[in-house]
Each structure stands twice: as structure tokens, then as C-alpha cells.
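The structure presented is a predicted model; accordingly, all values stated were derived computationally and were not measured. All chains are named by letter (A, B, ...) in the order of the sequence lines, taking the proteins before the strands, and each is independently numbered beginning at 1.
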Protein chains: 2
Amino acid sequence: MTETKPRYHHGDLPSTLLHSARVLLEQDGIAALKLRAITRHAGVSATAATPHFGNLSGVLSALAAIGFNELTAAMSNTTHKTMRDIGLAYIRFAIANPGLFTLMFRNDSIDRTTPDLQNASEKALSCLADLPSDTPPSSPLDKAAQMASAWAKVHGLAILAIDGQLQALTPQPLTPILLEKLLANTLSIK
Amino acid sequence: MTETKPRYHHGDLPSTLLHSARVLLEQDGIAALKLRAITRHAGVSATAATPHFGNLSGVLSALAAIGFNELTAAMSNTTHKTMRDIGLAYIRFAIANPGLFTLMFRNDSIDRTTPDLQNASEKALSCLADLPSDTPPSSPLDKAAQMASAWAKVHGLAILAIDGQLQALTPQPLTPILLEKLLANTLSIK
DNA sequence: GTGTGTATCTTTGCGGTGTAAAGATATGCG
DNA sequence: CGCATATCTTTACACCGCAAAGATACACAC
């Protein structure tokens, strides 16, 4: 990024492409994630991504993996490893990075079998799975149900918040402060 | 559908196009929802949808509206108007119509301001909102939090189920019977 | 009935897309 | 220095959404 002199061999094209992709994503939404738009933004030819990522899905998968890593970091940075705090970190990440978060779960655009992506998403999931449950599970299925319950609620809330559909639930306009209160209240509901 | 004689004026092209779109959707996934593919499947020219739906977004929005109406019907057909039964109906619909359900919440492909779609989605949401809460809400925000909690959990579960990510939570392979048990258990968690 | 306006559908054309294949260029290593 | 190789560009092609113009058949006034 500091070196703008145009040379045939870019030097660090992969990260430059991912940067461009992310800028376009948060700027113009997920519909702007075209391969040609990304390479155009990066100042290279339309097929320059091929040697590094193979195809568009490869670029988006790499970007999604970055997203999962950042999500993991956000959840790991919480002081209290409680459902409430980790859930809030999860949802705050989604609200702060709506395009990226959407991409991370758009399975017809990314390739979940990519090793990097698979590792990154598993690590993020384990942050939620390792939460201490208030009532000890009576069976493996019950344990799975507890994890699914937490996962689903947090993930569902994040999606509703991004889509602006929580607005429909409140009489007043939903300011950021009110949204935070709503999230906290919702996560407190056992 | 009973009349296959090809005539210049199709007669019932809108519903035929929506039918084709739905077939392609459940057959080849949401990525197959191209305007040209839909019209090709319906046996008409590539731009035949224009007078009826305007553009691709119009077709997909109409299809999404159908989805919301069917979802509403599924939730209305439950005998017990409980969180558990209505939630199960919601999730079962999603599992039975994964492509359609995904489309219904893909806001960069559909146009939520379409009147039909807006009405249909509001009706579906009200089915969840009108659930009796076990503890009376202490404030409007608390009421919103209760609704968000139910909405989020059910919606999150549906998405996780569709994406096959509940598999990651269980040690054994997730048979349909086991999935039903897991869903019931998860929804019972208060 | 007949004529005409209009809605419906087709044809054509254009700029955009992803990506395969082949060519150009720089790098790195023997 | 020489050359294999990785990296990037150019070219080409099939596909896409959609605007515009043409063809067709319906509907309704007369």
C-alpha cells in the first residue's frame, strides 16, 4: 500500500486484492463483490487473481476467513466469558461489519471446504461452544441443544439487527443506544 | 399448466414464470435464479418477464412473497399456539424449502418495498409476535426484547439447520429424527 | 363485424460478468 | 549468466440483465 509504483510483478497482490474486496464490500454492499470490480479497484488486470485464488469463490472465501478470524478475536477479547458478553461481541462485530458478516454465511458464494476458511469458522464456533452452561446437560443431545440454543439466538439476533428488522419490533426509532439496550435485554432472557 | 399448446400470448405467464423459478431454485439452488434460466425453463423468450415483473428483482420478490405466505400458513396451521409448535413449524418450513427460505431473507436480491412482499412478510412476523409470553413484559423495550428473543432463536435455528451447521454440534450423524429431537430440545430451553 | 388501441411477447443489441488459454514479463536459482 | 517458473496481461468466449424496437393477438368502441 505504501508502494504505488506500478510494476509488472506486484509483490503483494493477494492482500491487496483482499483489501480492495473488503473496501468494495463495506462501501457498496455484497453485490459489488465482482472479480472485475475488485481487480479494477486494485489496479490490476481482470484475471490477476487467478494464480493466487483460482476464481472469485477463492477470493471471497479468503475474505470470509479473515472475517471469522476477526470475529474470533472479538469474542476472545471479552473480559467475562459469559453468554451475554460473548454474544454481545458477536453481534457487535456483525453490526460493525455487516457486509463481511453476511459474506461469511453466504454459502453459495464462498467455498466452505477451503482449509483456511474451515479452520477459521471452526475456531469461531468453539468460542460459543465452550461457554459454561448454567444447567449441566443430561445427554449429548441435550448438550448439543444447549449449544444450538446459544448459537441460534446470537446468530439470529445478529442477522435481524443487520437486516434492520429489529426496527419493526420497537415503537420508537431504534437509536444505537437503544439497540444496545435491546440486545442486552434479549440476551438476558434465559 | 394443463394447456401446453404454444401461443404467442401465453395467458398465464406470471404464475408459470414463478413456478419455473421455484423449480430451478429447489433443484439447483439460489445461484440458478437467473432471469434467462427461468424464462428458458418456462419456454418463453429471455425478456418475457419484463411486462409482468419489470426485472429479475421483481420476479424474485414475487417468489419470496409466496414463500412468506406459505410460511404464514404453516404457522397458522399449528394446533397449539405455543413458541414450541410455531417455532417448529417455522423451522420445518425452512428445512422443507431451503432455497426459498434463503431467498426470502436475501435482501440484495429481492426488493422489500414491493407491497405484496411487504404485506406477506409482516403477516408472517406477526405470527411470531403474537405469541403469549410466560412473563409479562415490564416495558415496551422489554416486550421488544421478548419478541426479538423468540424471533432470533427460531430464525437462527432455521438458518443453522439449512446450512447443515447443526451437524457440527452433534457427535453422531444427524438423522432427520435426531434433528427433530434436537430442535424440540433446543426450543424447550427457556 | 370491423377497426384500432393496447397489452403481451419476441428479436435485436449493448455493456457487463467469470474464466480459460495464450502471451509477456520479472524473479530466483543453478 | 541462462533458464525454469511464478506472476501478471491480453485475448477470446459464453453467459448475464436489460433497453429498445418489432411482431402478434387480444379487447373494446363503434
Side-chain angles (χ1 to χ4, degrees), chain A residues 1 3-21 23-25 27-64 99 103 106-111 114, chain B residues 1 3-21 23-25 27-64 99 103 106-111 114:
Chain A
M1 290 286 90
E3 180 67 30
T4 55
K5 189 199 323 177
R7 13 173 192 170
Y8 201 103
H9 279 44
H10 182 285
D12 195 19
L13 189 50
S15 61
T16 301
L17 286 173
L18 291 177
H19 173 74
S20 290
V23 169
L24 289 173
L25 175 58
Q27 203 171 14
D28 303 333
I30 204 166
L33 283 183
K34 317 274 186 187
L35 194 46
R36 283 172 124 101
I38 296 168
T39 52
R40 203 181 304 137
H41 184 276
V44 293
S45 74
T47 61
T50 306
H52 307 284
F53 298 102
N55 53 17
L56 173 61
S57 173
V59 180
L60 302 190
S61 300
L63 185 55
L103 176 67
R106 184 152 297 198
N107 293 328
D108 55 313
S109 297
I110 63 180
D111 180 8
T114 304
Chain B
M1 289 289 91
E3 181 66 31
T4 55
K5 190 200 317 178
R7 13 173 192 168
Y8 200 102
H9 280 41
H10 183 284
D12 195 18
L13 188 50
S15 60
T16 301
L17 286 173
L18 292 177
H19 172 75
S20 290
V23 169
L24 289 173
L25 175 58
Q27 203 171 15
D28 303 333
I30 205 166
L33 282 184
K34 318 274 186 187
L35 196 46
R36 282 172 125 100
I38 296 169
T39 52
R40 202 182 304 137
H41 185 275
V44 293
S45 75
T47 61
T50 306
H52 307 285
F53 299 101
N55 53 17
L56 174 60
S57 173
V59 180
L60 302 190
S61 299
L63 185 55
L103 176 68
R106 183 152 299 198
N107 293 329
D108 56 313
S109 297
I110 63 180
D111 179 8
T114 303

Could you check whether any side-chain N or O of Ser61(A) sits under 3.5 Å from a backbone N or O of Asp111(A), counting only pairs where one atom can act as donor and the other as acceptor?
yes
Might you work through the side chain to side chain contact (heavy atoms under 4.5 Å, CB included) test for Leu18(A) and Ile38(A), ending with a clear yes or no?
CA-CA 8 Å; Leu18(A) 291 177; Ile38(A) 296 168; over 6 Å; no
For the side chain of Lys34(B), counting heavy atoms from C-beta on, which of dT10(D), dT10(C), dC16(D) is nearest?
dC16(D)
In whole angstrom, what separates Leu17(B)'s CG from dC9(C)'s P?
8 Å
Tell whether Thr50(B) reaches the base of dT8(C) with its side chain through a donor-acceptor pair below 3.5 angstrom.
no
For Leu35(A) and dC8(D), what is the distance between atoms CG and P respectively, to the nearest whole Å?
14 Å
Separation of dG18(C) atom P from Leu56(A) atom CG, nearest Å, is 6 Å
Output yes when at least one side-chain N/O atom of Arg36(B) is less than 4.0 Å from OP1 or OP2 of dT17(C), else no.
no
Taken to the nearest whole Å, CZ/Phe53(B) to P/dA7(C) is 17 Å
Whole angstrom is fine here: how far is it from CG in Leu24(A) over to P in dT17(C)?
11 Å
Whole angstrom value for the distance that separates P of dC18(D) from CG of Asn55(B)
5 Å
State whether Arg106(A) and Asp108(B) are salt-bridged, where the test is any N-O pair (Lys NZ or Arg NE/NH1/NH2 against Asp/Glu carboxylate O) under 4.0 Å.
yes
Interatomic distance where CZ belongs to Arg40(A) and C1' belongs to dG15(C) [whole Å]
11 Å
Do Asp12(A) and His19(A) have side chains that approach each other closer than 4.5 Å (heavy atoms only, starting at C-beta)?
no
Compare side-chain N and O positions of His52(A) against OP1 and OP2 of dC8(D) and report whether any pair is under 4.0 Å apart.
yes
What is the distance, rounded to the nearest whole Å, between atom CG of Leu33(B) and atom P of dC16(D)?
12 Å
